[in-house]
2 protein chains.
Amino acid sequence: MEKVGSADLIRRETKKAQPLTRSPSNAQEHILAERKRREKLTQRFVALSALIPGLKKMDKASVLGDAIKHIKYLQESVNEYEKQKKGRTLESVVLVNKSQLVLDELHKLSPSFSDGNRDYSSSNLPGIEVRVSGKVVLIKIICEKQKGNLIKIMGEIEKLGLSITNSSLLPFGPTSDISIIAQKTGDFDMKVEDVVKSLSYGLS
Amino acid sequence: MEKVGSADLIRRETKKAQPLTRSPSNAQEHILAERKRREKLTQRFVALSALIPGLKKMDKASVLGDAIKHIKYLQESVNEYEKQKKGRTLESVVLVNKSQLVLDELHKLSPSFSDGNRDYSSSNLPGIEVRVSGKVVLIKIICEKQKGNLIKIMGEIEKLGLSITNSSLLPFGPTSDISIIAQKTGDFDMKVEDVVKSLSYGLS
DNA sequence: ACCAACACGTGAACC
DNA sequence: TGGTTCACGTGTTGG
């Protein structure tokens, strides 16, 4: 990366009396190496141009320019996707809080809680719904497909003092729709809100 | 992109007596233009290298190579993100809200529930929830335990142009908690609201 | 002294 | 017939 500019013309004249411009045997070797270098260069140029969609001009300059543009575009896309990803997990927390708010509002009226989320992005993460009928509890969860998720959920449920009597897992796209029936045991006296909260917390 | 190879040396010797190697006035202009071209080239090279993270060698060849590698990586990432997007559309979220709205509009149905405070064993109309993820549809229904209810529901679902792939029925007190996974077939293009409405109507 | 990488000037080809 | 792009050989420099 040394810029000689146009002032080296003079230098070249004066430097004519160098010991040897080039060793005669090495001369050919030099031009061969350079040839190989250029070859590799152009090869990479075509390889790069093949990765750029909708490339009109096959100019080296245009290839470089469009490559730059394309990389910027891709990077931007990736950043947006990542942003959305981050947003999702955050929404999940909000979602839980919201549901609890709803539950508190409807506290006496209906314990049924749907994971309705008004925000545009947050699609997943546990939608939790708990219903109670006498001593029977119905728990419905929609969560990411993950190894051991069901076991973890069941463990959490039984930890709460519930005895599972029925369970069902249906694969639904990238998520699993899990329904579980359980019986209250002994001194179980949790409110549904607490059940939802405990399960949400247990699945993080 | 014409390869002359090393055979042009002879040509150059024989072609010595060409009418015009170059117009004398144009000669300098030519080398100037070429200078400018190279200048632009190297400029784009540095611009490109600036976009590549973790670039060790500032070689032209390395810049091109790493640019290729990086573009491939980014493209792959974008593809994966897009793939995920396809699966978990925000459709499901919106649809859930919509379906709830429909339900609220039709009847403020609140499924049977007993918290100790109030007990709403409500209308004979079931609770219906529909989610869509790509070509897969998840239908959840809570309805009274009745003979042939499941069959009737399944019949209604298949009438709508859906193909059932999974189903689950869990007894929950006096009601049944039914979950069904179905695939869209052919020209199925109903909105979830209509699905909910049809099922509600079909179960009376 | 070698090797690798660069910029330069130049002739040719293609609109 | 200019204008633009290319590949080539060559001189030069830093490690």
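In this text the structure is predicted, and so the values were computed from the model without any measurement. So you know, we letter chains A, B, ... as the sequences are listed, proteins then strands, and number each from 1.
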Given DNA chain D, 5'-ward residue of the pair B/Lys40 and A/Ile31, judged by closest heavy atom: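 Of the two residues, B/Lys40 wins.
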A/Ala27 vs B/Leu41, nearer the 5' end of DNA chain D by closest nucleotide: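 Nearest-nucleotide comparison on DNA chain D picks B/Leu41.
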[N] base / [X] side chain donor-acceptor hit below 3.5 Å:
| X | N | value |
| --- | --- | --- |
| B/Glu34 | D/dC6 | yes |
| B/His30 | C/dG11 | yes |
| B/Arg38 | C/dG9 | yes |

Criterion side-chain contact (heavy atoms from CB on, under 4.5 Å) against A/Ile139, the qualifying member of A/Ile153, A/Leu162, A/Leu160: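 Going through A/Ile153, A/Leu162, A/Leu160 one by one, the side-chain contact (heavy atoms from CB on, under 4.5 Å) with A/Ile139 is satisfied by A/Leu162 alone.
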Runs of at least three consecutive pairs that involve DNA chain C, where pairs are Watson-Crick or G-U with distances under 3.5 Å: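 Detected stem regions: C:2-15 with D:2-15.
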Parallel, tilted or perpendicular, as decided by the 30° and 60° cut-offs, for the rings of A/Tyr81 and B/Tyr81: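 Plane angle under 30°, so parallel.
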Any B/Arg37 side-chain N or O less than 4.0 Å from OP1/OP2 of D/dC6: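 The answer is yes; a side-chain N or O of B/Arg37 sits under 4.0 Å from OP1 or OP2.
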side-chain N/O A/Lys60 vs D/dA7 OP1/OP2, d < 4.0 Å: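 So the side chain of A/Lys60 is within the cut-off, an N or O lying under 4.0 Å from OP1 or OP2 of D/dA7.
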Test: A/Lys184 and A/Asp189 ion pair at under 4.0 Å: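 Looking at A/Asp189 together with A/Lys184, the answer is no, because their closest N to O distance does not fall below 4.0 Å.
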Figure out the [atom1]/[atom2] separation between [X] and [N], and round it to whole Å.
| X | N | atom1 | atom2 | result |
| --- | --- | --- | --- | --- |
| B/Leu32 | C/dA7 | CG | P | 17 Å |
| A/Lys36 | D/dG9 | NZ | C1' | 18 Å |
| B/Lys56 | C/dA5 | NZ | P | 14 Å |
| B/Glu39 | C/dG9 | CD | C1' | 16 Å |

Touch class at under 4.0 angstrom, heavy-atom based, for B/Gln28 against every strand present: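 No contact.
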Contacts of type side chain to side chain contact (heavy atoms under 4.5 Å, CB included), residue B/Leu51, not counting sequence neighbours: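 Checked B/Leu51 against side chain to side chain contact (heavy atoms under 4.5 Å, CB included); matches are A/Ile68, A/Ile71, A/Lys72.
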Measuring from the side chain of [X] (C-beta onward, heavy atoms only), which nucleotide among [options] has the closest atom?
| X | options | result |
| --- | --- | --- |
| B/Glu29 | C/dC6, D/dG9, D/dG3 | D/dG3 |
| B/Arg35 | C/dC8, C/dA7, C/dC2 | C/dC8 |
| B/Asp59 | D/dT10, D/dT5, C/dA5 | C/dA5 |

Short side-chain to backbone donor-acceptor contact, A/Ser62 and A/Met58, under 3.5 Å: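 No, because the side chain of A/Ser62 does not come within donor-acceptor range (under 3.5 Å) of the backbone of A/Met58.
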5' precedence on DNA chain C between A/Asn26 and B/Ser62 (nearest-nucleotide basis):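 Checking each residue's closest nucleotide, the 5'-ward one belongs to A/Asn26.
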Heavy-atom check, side chain of A/Leu74 versus side chain of B/Val78, under 4.5 Å: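 Touching, per the 4.5 Å side-chain cut-off.
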Other residues, nucleotides, ligands: >12 heavy atoms within 6.0 Å of B/Lys145 NZ: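 More than 12 within 6.0 Å, yes.
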